[in-house]
Amino acid sequence: MCGICGKLNFNRQNPVGQGLLRQMMDMIQHRGPDGSGEFLSGPVGLGHRRLSIIDLDTGGQPMSNEDGTVWVVYNGEIYNFHELRTELEEKGHHFKSTTDTEVIVHLYEELGDQCVARLRGMFAFALWDERKQRLLLARDRVGVKPLYYTNTGKSLIFASEIKSLLVDPDVERRVNPHAIDRFLTYYYLPGNETLFDGIFKLDPGHYLTVQDGRTSVEQYWDLRFEIPPCPPSFDEAVDVLRELLSRTVKDHMISDVPVGVLLSGGVDSTGILSYATQHADRPMHTFTMGFSGANFQDERPYAKLASQKFGTIHHEISMSANDFREFLPKYVWHMEEPVCEPPAIALYFVSQLARQSSVKVLLSGEGGDEAFGGYQTYRNLLILEKLKSACGPAKGLLRLGFQALGHAGYKRIGQYANLVEPTLAEYYLSRTATPYTPFNQRKPELYNKEFAAFLDMQSSGIPTRRLFEQVSDQPLLNRMLYVDTKTWLPDDLLVKADKMTMAASVELRVPLLDYRVLEFAASLPLHYKVNGWKLKRILKAALVETVPQEILNRKKTGFPVPYDDWMRKEMKDFVFDTILATNAGLDSYFCKEALTNLLQSHQKGKGYSKEVFSLLVLALWHQQFAGLSPSPFESVN
């Protein structure tokens, strides 16, 4: 696990400066505190910061082929590198290390750009072909590892983190105002745009090439829902899944340093632990988080139950409101993208605990819900769509029924009234948002006149509408799973997972997002995943013999960080002062009176915790990345 960065000048007579490259590397030192390396050759420079995980002695980067004509810097882990190495050695390639990095170089020599399709793992890499004067950037299928880039017209600059790009004086730092609206629409930023105008994410499952000043982006993988004509029986599929999970977790434990497990006390992380202990050659370390204060849901008893079941060396840490508040500016600095993800702060502290316990690699249960249908949203919307279909022309009565239940005190049921008329593709922005979530409903009063006039707010939902078009022939469940796998997963959960663990110089691995697991899940009949009220049916069946029943049958809660309570009490003054401050930058977009009303409504317990946290993130983002050039919106007005 590492951080990478680099630059390619389109003018071959313009060399990349060593000083600039080292500044870019220094900016991401936290991703790789164990060492650094660089490659400079005329118009190209590749930089690398190393967190030593595999081949501690000879795995330094940048790494080249035998004659120094192909160079690579790489961030991630290739889990099938042993079999690829054997295959390449049989074809006559010679290796000088035992690291997975070198496999990429020789595989490129054999297959060119298509080498990416043979790699199984999480990765982002940059490869320079000296003979062809050609740069190849690639990102793993699901987007576990980040990769950002910008084209200045004179050069292509890339890095694992945006702040590394901003070091280059050629990169003009401008706010992307459309991204602000999109963030408030989704509570994260779906797609390849960032909050910086002109800086992009390389999409998961894509690679980018640059040659002679021309840039091209190609897709090499997508999630396909292809159920075979004669699918296996449920019991047969359970057996296949158990074997697949066992092999996948074993592969994800490849390491020359200790491996631990992030234990939330939920089904997925406990299931990962059950397989990890089967393959471990030493006692496993497990880590979990609790919270200081009364009346907070505590995951620690369930995590401790799992730890005792599998005999791990268990570590716990508690976080207070003060810890949460003090880390918030660092949260924004490390995340770089606005994401409404309060549990990310807890993830940083528990990752730091792992690092202090000499564990540099953590396994996590992320991805089980997106692969196997684990969110209650999926079940509820499937039921809603069935009711809408059954009612036919009488859908209006269904809407009235939901409204009546809402007025009777069943607010969670009443919220479905708005979803009766629109189709799934019109209202499902992702599992976090619909056109009727608070930000989307209150935009007309929140935005000032200038900002509202500048925006085409109908365009904010484009990322998910385009995805729905690609799977329009699929059943409803698969459409939701596809949208979340392509947006919510890489642009919220995984960016949080990478940035927060790397901020603590720890590598996080997600076995349930191995593409073989995703493809297997996508090939299953729908009722193997969601069946009536049952969620994640097949995954739970695969784990029934190993995961304690108290965990297997508990209601899904997510990771319950009590930030709503903290923001209304211990953090009240900090929240008001930060969001309403003159240097928060929010007055360019919002009406101050409307912001104040929203904060006061939250104080009175009327919800809006996600909205307040999102505004807090935006305000801190403006402070953290001060000195931005005027945005296109500001220059127009």
Side-chain angles (χ1 to χ4, degrees), residues 3 27-31 146 148 160-164 166 179-180 183-184 186-189 194-196 201 262 264 287 289-292 317-355 362 364 366 432 488 490-506 508 558-568 570-579 581 583-586 609-626 628:
M27 194 57 75
I28 52 174
Q29 182 176 354
H30 53 278
R31 298 186 70 92
Y148 301 92
S160 298
E161 297 190 6
I162 295 172
K163 60 180 69 71
S164 185
L166 299 179
I180 290 177
F183 166 54
L184 300 187
Y186 288 87
Y187 302 99
Y188 63 93
L189 272 179
T194 72
L195 208 50
F196 296 90
K201 313 170 222 178
L262 278 180
S264 68
F287 302 88
M289 167 69 77
F291 304 100
S292 300
I317 190 172
S318 181
M319 183 173 69
S320 67
N322 189 56
D323 296 328
F324 186 86
R325 181 189 66 78
E326 288 192 347
F327 187 71
L328 266 172
K330 293 181 181 178
Y331 163 79
V332 172
W333 174 252
H334 283 293
M335 289 291 286
E336 305 177 311
E337 301 180 59
V339 180
C340 180
E341 195 61 45
I345 296 174
L347 177 58
Y348 169 79
F349 281 100
V350 78
S351 299
Q352 192 177 52
L353 175 63
R355 181 74 187 196
L362 289 171
S364 167
E366 301 275 32
T432 62
W488 153 260
D491 299 321
D492 186 309
L493 286 190
L494 292 179
V495 71
K496 167 206 74 176
D498 173 83
K499 298 290 182 65
M500 289 297 100
T501 54
M502 292 308 298
S505 302
V506 170
L508 187 73
F559 199 62
V561 178
Y563 73 103
D564 176 56
D565 194 77
W566 288 343
M567 290 195 303
R568 284 188 290 107
E570 294 96 329
M571 292 174 56
K572 175 184 175 182
D573 291 342
F574 174 77
V575 168
F576 273 75
D577 291 345
T578 302
I579 292 175
N583 67 339
L586 301 188
S609 58
K610 291 177 65 176
E611 289 69 35
V612 171
F613 185 82
S614 297
L615 291 169
L616 195 57
V617 166
L618 273 179
L620 290 169
W621 185 89
H622 275 83
Q623 293 177 13
Q624 288 288 330
F625 296 96
L628 291 166

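Everything numeric in this text was worked out from a predicted model, so none of it was measured.
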Dump the intermediate steps for side-chain contact (heavy atoms from CB on, under 4.5 Å) on Ser609 and Met567, then the final yes or no. CA-CA 8 Å; Ser609 58; Met567 290 195 303; 4.3 Å; yes

Determine, step by step, whether Val332 and Leu616 satisfy the side-chain contact (heavy atoms from CB on, under 4.5 Å) criterion, reporting the C-alpha distance in whole Å, the side-chain angles of both residues, the deciding distance to 0.1 Å, and the verdict. CA-CA 10 Å; Val332 172; Leu616 195 57; over 6 Å; no

Please evaluate residues Leu618 and Leu586 with respect to the criterion side-chain contact (heavy atoms from CB on, under 4.5 Å), reporting the C-alpha separation (whole Å), side-chain torsions for both, the decisive distance (0.1 Å), and the verdict. CA-CA 8 Å; Leu618 273 179; Leu586 301 188; 3.8 Å; yes

Show, in sequence, the C-alpha distance, side-chain angles and deciding distance for Val339 and Val617, and conclude whether the side-chain contact (heavy atoms from CB on, under 4.5 Å) test is met. CA-CA 8 Å; Val339 180; Val617 166; over 6 Å; no

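Rounded to the nearest 0.5 Å, atoms OG (Ser364) and CG (Leu494) are 9.0 Å apart. Rounding to the nearest 0.5 Å gives a distance of 10.0 Å between NE2 of His30 and OG1 of Thr501. To the nearest 0.5 angstrom, Ser351 atom OG is 10.5 Å from Met502 atom CE. Between Phe324 atom CZ and Ile345 atom CD1 the span is 3.5 Å, to the nearest 0.5 Å. Put simply, OH on Tyr563 and CE on Met319 are 12.0 Å apart, with the number rounded to the nearest 0.5 Å. Atom CD of residue Glu570 and atom CG of residue Asp565 lie 6.5 Å apart, to the nearest 0.5 angstrom.
Of all heavy-atom pairs between Asp491 and Val495, the closest is O-CG1, 3.4 Å. Residue Ser318 comes nearest to Phe291 through the heavy atom pair OG-C, 3.6 Å, listed as atom of the first residue, atom of the second, then distance. For the pair Ser505 and Arg355, the tightest heavy-atom approach, listed with the atom from each and the gap, is O-NH1, 2.7 Å. Ile28 and Ser164 get closest at one heavy-atom pair: CG2-CB, 4.0 Å. The two residues Cys340 and Pro342 have their closest heavy-atom pair at C-CD, 3.6 Å. In plain terms, the two heavy atoms of Arg568 and Lys572 that are nearest each other are O-CB, 3.9 Å.
Ile162 has its side chain out of reach of Leu195: every pair of non-hydrogen atoms, C-beta onward, lies at least 4.5 Å apart. Between Gln623 and Pro329 there is no side-chain heavy-atom pair separated by less than 4.5 Å. Taking 4.5 Å as the limit, every side-chain heavy atom of Leu615 sits out of range of all side-chain heavy atoms of Val575. Looking at Glu337 and Lys201, their side chains come closer than 4.5 Å, going by heavy atoms from C-beta outward. At least one side-chain heavy atom of Ser614 sits less than 4.5 Å from a side-chain heavy atom of Phe183. Side-chain atoms of Asp498 and Leu508, non-hydrogen and from C-beta on, never get closer than 4.5 Å to each other. The closest side-chain heavy-atom distance from Pro338 to Leu189 is below 4.5 Å. Between Leu262 and Met289, the closest side-chain pair of non-hydrogen atoms is not below 4.5 Å.
Judged as a salt bridge (Lys or Arg N to Asp or Glu O under 4.0 Å), and not counting sequence neighbours, Arg325 has no contacts. Contacts of Ala344 classified as side chain to side chain contact (heavy atoms under 4.5 Å, CB included), with partners at least two apart in sequence or in another chain: Tyr331, Glu341, Lys496, Met500. Under the rule for a side chain to side chain donor-acceptor pair (under 3.5 Å), the partners of Thr432 that lie at least two apart in sequence or sit in another chain are Ser430. With sequence neighbours excluded, no residue forms a ring pair (Phe, Tyr, Trp, His ring centres under 6.0 Å) with Tyr148. When the salt bridge (Lys or Arg N to Asp or Glu O under 4.0 Å) test is applied to Glu161, the partners found at least two apart in sequence or on another chain are Arg31, Lys163. Tyr348 is linked by a ring pair (Phe, Tyr, Trp, His ring centres under 6.0 Å) to Phe327, counting only residues two or more places apart in sequence or in another chain. Qualifying salt bridge (Lys or Arg N to Asp or Glu O under 4.0 Å) partners for Asp492, counting only residues two or more places apart in sequence or in other chains: none.
Aromatic ring centres of Phe613 and Tyr187: separated by at least 6.0 Å. Residues Phe196 and Trp621 place their aromatic rings such that the two centres sit under 6.0 Å apart. Aromatic pair Trp333/Phe625: ring centres closer than 6.0 Å.
For the pair Asp564 and Lys610, the salt-bridge criterion is not met [side-chain N within less than 4.0 Å of a carboxylate O].
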